[in-house]
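Some notes on the structure that comes next.
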Amino acid sequence: METFQALLARKVAEALKAAGLPEAGGVTQATDARFGDYQSNAALILAKQLSENPRNIAQKILVVLDLSGLCEPPTIAGAGFINFTLRNEAIAAQTAKLLRDERLGVARAETQKRIVIDFGSPNVAKPMHVGHIRSTVLGDALARIASFLGHEVIRDNHIGDWGTQFGMVIYGWKNLLDRAALERDPIAELVRIYKETNEKATSDPKVREAVREELVKLQAGAPENFSIWKETVDLSMKEFERAYQMLDIHYDIQRGESFYSDRLPAVVERLLKSGIAEISEGAVCVFFRDIPELAEKPAIIRKSDGGFNYTTTDIATVDYRIQDLKADTVWLVVGAPQILHFKQIIAIARREGYTADFRHITFGSILGEDRKLMKTRSGENVPLRDLLDEAIQRARKIIEEKNPDLSESEKIDIAEKVGIGAVKYYDLSQYRMTDYIFSWDRMLSFQGNTAPYLQNAYVRIRSIFRKAGEEFTATRELNLTDAAEKNLALKLCQFAETVPTVVNDFRPNLLANYLYELANAFHTFYEACPVLKSEEPLRSSRLALCELTGRVLAKGLDLLGIKVPEKM
RNA sequence: GCGCUCAUAGCUCAGCCGGAUAGAGCAUCGGAUUUCUAAUCCGACGGUCGGAGGUUCGAGUCCUCCUGGGCGCGCCA
């Protein structure tokens, strides 16, 4: 089904053609309710090209524009805006259609893509911390949305499970490991032995040399070192799984850096052979002399000691994703500090002849109340596990206060949905590039653009249906007499206009903003329009609006990876 | 030094292809509940959109320069 926006845009385009005018932009939602529901700026755009009075052009368009049944007669306003106000009957009819549409009006993308989404990427032997929230939550939301839009999505967790830090870990394991501590809290013990080894290595050259040897042995496949490595990976993966379970994150594949390790020599050989890489100061490098911003920034793909680094790994990763996974699109949801690195990787991919669409999707940082990178009091990264536990705990406390009569199992369920939802929504509702200040009070507030506010709107709807105690059957006729009803219905119709915009520039916050406006429109409707106490046919009509609002809220939040409780 | 990025109300943040008088929430002040969750709603107050130029009929949005913050820049990832 076609959205109002698409329908009006098509009608305007037809009118332009009929009036002998060139194409000129689309139709947008009105910037202000005073100007109606939608607007076209075609006349203003054409005025420039044709050097003619925009209002005259608007008039010419209106003469051939037939919107009977859909809109009130369009008006020309201001400098030459054409304003459209939808007829209530048209909104009612569209809303009734949405009730019978599983996709809630959202069209599938015209061209289906095969998209590998690289997000999360925690490091083995290190705890997940706040720094992982944005990549994980953003990547997951984008995956859900792209998938809903009909793309074939492969979610890949590019785990940091290979690299020089394993020299430290293995040395520490052999010399400093406390088995009992490892049983109790594996990651904490791995971090401890890593840190202590690191300290010893900085002060003692002999340790430094021993660490290096352990790494070389690992890379050469020495059985003991390999099995230690394997065990640390397994322990870490278990830890990651716990976090992913709490966050409801699922991966299709988890190809760590180690997966690519045996492909690295061939990568370097190939690049040398094709002349893309060359030897410089004993290392194998790729220079980008023709790309001004990279001209002074060569990429090293084999160190002078013969070792490979993460650039080599990422080139191998590109190979795998394009050739084995057959991706035509790759989204890298990785922090901004790696911009230069990925520019190099993408430039190399281009030289190798890959035409896939690579997007490095960056994001800002999470700050503490002091406006500096969020840390614990002792200056450490805040462990993700602690943060999620605290979110649930705080949500639980609020629920206890507001609704103490709920059963224990309900409280557990609600606290989890509200707490985790609040953390995710707080992240996703803000523009991804800006740094944001982490605040429990704000994210768990029931007022404003927060998960609890949206969840509460859903809960109010469920409450109505519980009270009604009847099976919902969609009416075919909606009555939109009250302004609050029209406003709500129109918002519901606009879900389909909003969802696709998210992937244009990878901005889930556009969807979040929409859901907030929808919830707000619903609350206003809820205050103004009694549902169960109203007379038929109004009662059925209002129930239908509630039903649809509930479905859109649940689906919208689901696309952001957030669950809705039935009560709260 | 070069590159990327951010700067909008007292605070926290929206503002997608440039469109009309820049919007929310919090805070402050004032209203609304015999009512389906007041966990809400309605209203008031509050802004030279960091600064200066430029492009345009029109700039928070695009371009240039400047100021300030964050991040990155040859063998860590």
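Per chain, numbering begins at 1; letters A, B, ... match sequence-line order.
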Restricting both atoms to N or O, compile the protein contacts to nucleotides 56-62 of chain B shorter than 3.5 Å, with distance only.
| residue | atom | partner | partner atom | Å |
| --- | --- | --- | --- | --- |
| G58(B) | O6 | K48(A) | NZ | 3.1 |

How would you list, by chain and number, every residue that makes a salt bridge (charged side-chain N to carboxylate O under 4.0 Å, His left out) with R551(A), sequence neighbours excluded? none
Give a yes-or-no answer on whether the side chains of N504(A) and T501(A) include a donor-acceptor pair shorter than 3.5 Å. no
Would you mind reporting whether Y516(A) and Y425(A) have side-chain heavy atoms less than 4.5 Å apart? yes
Which one, C36(B), C4(B), A39(B), comes nearest to the side chain of F446(A)? A39(B)
If you assign T501(A) and K467(A) each to the RNA chain B nucleotide with the nearest heavy atom, which residue ends up on the more 5' nucleotide? T501(A)
Expressed as a whole number of Å, how far does the P atom of G60(B) sit from that of G19(B)? 10 Å
Is there a residue in residues 156-170 of chain A whose heavy atoms reach under 4.0 Å of RNA chain B, and which residues are they? T164(A)
Residues in contact with RNA chain B, drawn from residues 287-297 of chain A - heavy-atom cutoff 4.0 Å: K297(A)
K533(A) meets the side chain to side chain donor-acceptor pair (under 3.5 Å) criterion, sequence neighbours left out, with none
Heavy-atom nearest nucleotide on RNA chain B taken for T311(A) and for L340(A); more 5' hit belongs to L340(A)
To the nearest Å, give me how far apart CG (D32(A)) and P (A14(B)) are. 22 Å
Parallel, tilted or perpendicular, judged at 30° and 60°: which one describes the rings of Y260(A) and H158(A)? tilted
Reckon Y426(A) has a side-chain N or O less than 4.0 Å from the OP1 or OP2 of A14(B)? no
Writing each nucleotide of RNA chain B 5' to 3' as (, ), [, ], | or . by Watson-Crick or G-U pairing under 3.5 Å yields (((((((..((((.....[...)))).(((((.......))))).....(((((..]....))))))))))))....
Which nucleotide in A39(B), G74(B), G15(B) has an atom nearest any side-chain atom of M568(A): A39(B)
From U40(B), A14(B), G74(B), nucleotide with atom closest to N456(A) side chain: U40(B)
Can you see if the side chain of T31(A) gets near the phosphate of G23(B) - specifically, an N or O under 4.0 Å from OP1 or OP2? no
Which atoms of nucleotides 25-28 of chain B (N or O only) lie under 3.5 Å from a protein N or O atom, and what are those distances?
| residue | atom | partner | partner atom | Å |
| --- | --- | --- | --- | --- |
| C26(B) | OP1 | Q447(A) | OE1 | 3.2 |

Name all residues meeting the side chain to side chain donor-acceptor pair (under 3.5 Å) criterion together with T28(A); count only those two or more places apart in sequence or in a different chain, and write none if there are none. none
Got a sec, which residues hit side chain to side chain donor-acceptor pair (under 3.5 Å) with K563(A), two or more places apart in sequence or on another chain? none
Test item: side-chain donor near acceptor, N83(A) and Y38(A), under 3.5 Å: no
Determine the contact category for S439(A): base if any of its heavy atoms lies under 4.0 Å from a base atom, sugar-phosphate if only primed atoms, P, OP1 or OP2 are that close, otherwise nothing. nothing
What interatomic distance, in whole Å, is found between C1' of A24(B) and the corresponding atom of G53(B)? 32 Å
Expected label for C17(B) (glycosidic angle, syn inside 90° of 0, else anti) would be syn
Is there a donor in the side chain of Q5(A) and an acceptor in the side chain of Q29(A), or the other way round, less than 3.5 Å apart? no
Could you check whether the rings of F506(A) and W331(A) sit parallel, tilted or perpendicular, using 30° and 60° as the cut-offs? perpendicular
Short of 4.0 Å, heavy atom to strand atom, which residues of residues 524-535 of chain A count as contacting RNA chain B? T524(A), Y526(A), E527(A), C529(A), P530(A), V531(A), L532(A), K533(A)
Sorted by chain and residue number, the salt bridge (charged side-chain N to carboxylate O under 4.0 Å, His left out) partners of K417(A) (sequence neighbours excluded) come out as D413(A)
Salt bridge (charged side-chain N to carboxylate O under 4.0 Å, His left out) against R462(A), all qualifying residues, sequence neighbours excluded: E566(A)
D441(A) backbone acceptor or donor facing S445(A) side chain under 3.5 Å: no
